[in-house]
2 protein chains.
Amino acid sequence: MLKDIENRPRGSRFQRSEILAALKLNADGLIPAIAQQHDTGEVLMMAWMNREALDETLATGRVCYYSRSRGKLWRKGESSGQVQRLKGLYIDCDGDTLLLRVDQPGPACHTGRSNCFFFRVDGDEAVVTADPLIDPETLYGTAGASSPDPKSAKDPR
Amino acid sequence: MLKDIENRPRGSRFQRSEILAALKLNADGLIPAIAQQHDTGEVLMMAWMNREALDETLATGRVCYYSRSRGKLWRKGESSGQVQRLKGLYIDCDGDTLLLRVDQPGPACHTGRSNCFFFRVDGDEAVVTADPLIDPETLYGTAGASSPDPKSAKDPR
């Protein structure tokens, strides 16, 4: 269906339900969602949503993902306090990726860093590009003593 | 392995091979790669890489993805001429997503638009937010007459 309308001019409008029904979820019922800080353009993280997470995010304006490791909805910030507020939701041409423009005042990453992309390839090396804004122990309580954010509890693979 | 070093300070260096070996590819041997225009912060697209695509991209500086629909390497721009040049490659905390900072002078999207995220949810509707920079027929030749970009030849699911 998205293929049929991809050449429509700017400003063309469609029923939201029709567009959302055309999303291509993977075999697990999930779609990747890129979170970008709305005012700076910083790419914060990538996580996954199922239908329920997407519907909840649109209904509440608070970003909710689906945690693959926990196998349940993950309301971003439920452990860390670092809530993401939705400013705009975009769907790509193929309907298989979401772009979330969000407001994330604090760190998006479970390490306490502003964003999750802090390993940069540099020639034959890789370098850590950022320090935490907040110590992760402050985000989640004493290390190991409290329930971690789903990102830090992720399975080794 | 990334978990063991995630709290290292900014400037910490590691062997590239060691970091790349820690990447978590999915069951198909693929990892999602977000392409972001390096100077404007615009999120252009999301596609997938396998090991070979990643190695080639790092070796040549020209971004190469893996086309899931074609089942082979996809050197971005091979049909459209809209090559992506790598400016920086970042790996996220979990090692399961790549962020490519690229230079993409022309449209990234097979529709001729600057980026692929041109459907925006707006209340109960969705709106097309951009027009093509270049007519897709100019990008790929007369419609249907030439080999399309892998993005436009994608399977319905």
Side-chain angles (χ1 to χ4, degrees), chain A residues 2-3 5-20 24 32 34 36 40-43 45-46 58 88-99 109-113 115-132 136 151-152 154 156-157, chain B residues 2-3 5-20 24 32 34 36 40-43 45-46 58 88-99 109-113 115-132 136 151-152 154 156-157:
Chain A
L2 297 181
K3 185 86 191 140
I5 62 170
E6 68 180 24
N7 293 323
R8 299 292 185 86
R10 180 177 173 176
S12 300
R13 290 183 168 271
F14 306 91
Q15 287 299 306
R16 177 173 103 176
S17 56
E18 195 178 9
I19 301 292
L20 295 185
K24 295 168 196 158
I34 302 161
Q36 181 183 36
T40 64
E42 180 182 1
V43 176
M45 56 183 284
M46 203 279 275
L58 288 170
L89 190 140
Y90 296 77
I91 297 159
D92 81 337
C93 52
D94 294 315
D96 62 7
T97 307
L98 303 176
L99 175 63
C109 184
H110 78 279
T111 64
R113 292 180 177 85
N115 71 71
C116 295
F117 299 96
F118 57 84
F119 293 113
R120 180 168 60 80
V121 169
D122 182 20
D124 289 336
E125 296 182 313
V127 60
V128 173
T129 61
D131 282 323
K151 292 291 273 186
S152 63
K154 210 161 186 178
R157 283 192 77 90
Chain B
L2 296 181
K3 186 85 190 141
I5 62 170
E6 69 180 24
N7 292 323
R8 299 291 185 86
R10 181 177 173 176
S12 300
R13 289 183 170 270
F14 306 90
Q15 286 299 305
R16 178 173 102 175
S17 55
E18 195 179 10
I19 301 292
L20 295 185
K24 295 169 196 157
I34 302 161
Q36 181 183 36
T40 65
E42 180 182 1
V43 176
M45 56 183 285
M46 203 278 275
L58 287 171
L89 191 140
Y90 297 76
I91 297 159
D92 80 336
C93 52
D94 294 316
D96 62 7
T97 307
L98 303 176
L99 175 64
C109 184
H110 78 279
T111 64
R113 291 179 178 88
N115 72 71
C116 296
F117 298 96
F118 57 83
F119 293 114
R120 180 169 59 81
V121 169
D122 183 21
D124 289 336
E125 296 182 313
V127 61
V128 173
T129 60
D131 282 324
K151 291 293 273 187
S152 63
K154 209 160 187 179
R157 283 193 74 91

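Residue numbering restarts at 1 for every chain, and letters A, B, ... go by the order of the sequence lines. Since we're looking at a predicted model, the values are computed, not measured.
- Contacts of Gln36(B) with chain A are made by side-chain atoms alone, with heavy-atom separations under 4.5 Å and no backbone atom involved.
- The two residues Arg8(B) and Arg113(A) come nearest to each other via the heavy atoms O-NH2, 2.8 Å.
- Comparing Gly88(B), Gly123(B), Gly95(B) by how many heavy-atom pairs each has under 4.5 Å with chain A, the most go to Gly123(B).
- From Asp96(A), atom CG reaches atom CE of Met46(B) across 6.5 Å, with rounding to the nearest 0.5 Å.
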Please evaluate residues Val121(A) and Ile19(B) with respect to the criterion side chain to side chain contact (heavy atoms under 4.5 Å, CB included), reporting the C-alpha separation (whole Å), side-chain torsions for both, the decisive distance (0.1 Å), and the verdict. CA-CA 9 Å; Val121(A) 169; Ile19(B) 301 292; 6.0 Å; no

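- By the 4.5 Å heavy-atom criterion applied to side chains, Pro136(B) and Asn7(A) are counted as neighbours.
- The CD atom of Glu6(B) sits 6.0 Å away from the CZ atom of Phe118(A) when rounded to the nearest 0.5 Å.
- At least one side-chain heavy atom of Thr129(A) sits less than 4.5 Å from a side-chain heavy atom of Tyr90(B).
- Here Gln15(B) pairs with Ser17(B), Glu18(B) under the side chain to side chain contact (heavy atoms under 4.5 Å, CB included) rule; sequence neighbours left out.
- Only the side chain of Pro32(A) comes within contact range of chain B, judged by heavy atoms closer than 4.5 Å.
- Residues Ile34(A) and Phe117(B) meet the side-chain proximity criterion, which asks for heavy atoms closer than 4.5 Å.
- Here the straight-line distance linking atom OG1 of Thr111(A) with atom CD1 of Ile5(B) works out to 11.5 Å at 0.5 Å rounding.
- Residue Leu58(A) touches chain B through its side chain alone, counting heavy-atom pairs closer than 4.5 Å.
- Residues passing the salt bridge (Lys or Arg N to Asp or Glu O under 4.0 Å) test with Asp122(B), sequence neighbours excluded: Arg13(A).
- Per-residue counts of heavy-atom pairs under 4.5 Å with chain B were compared for Cys109(A), Ala126(A), Pro9(A), Gly41(A); the largest is that of Ala126(A).
- For the pairing with Phe119(A), the side-chain contact (heavy atoms from CB on, under 4.5 Å) check across Leu20(B), Ile91(B), Leu89(B) returns one residue only, Ile91(B).
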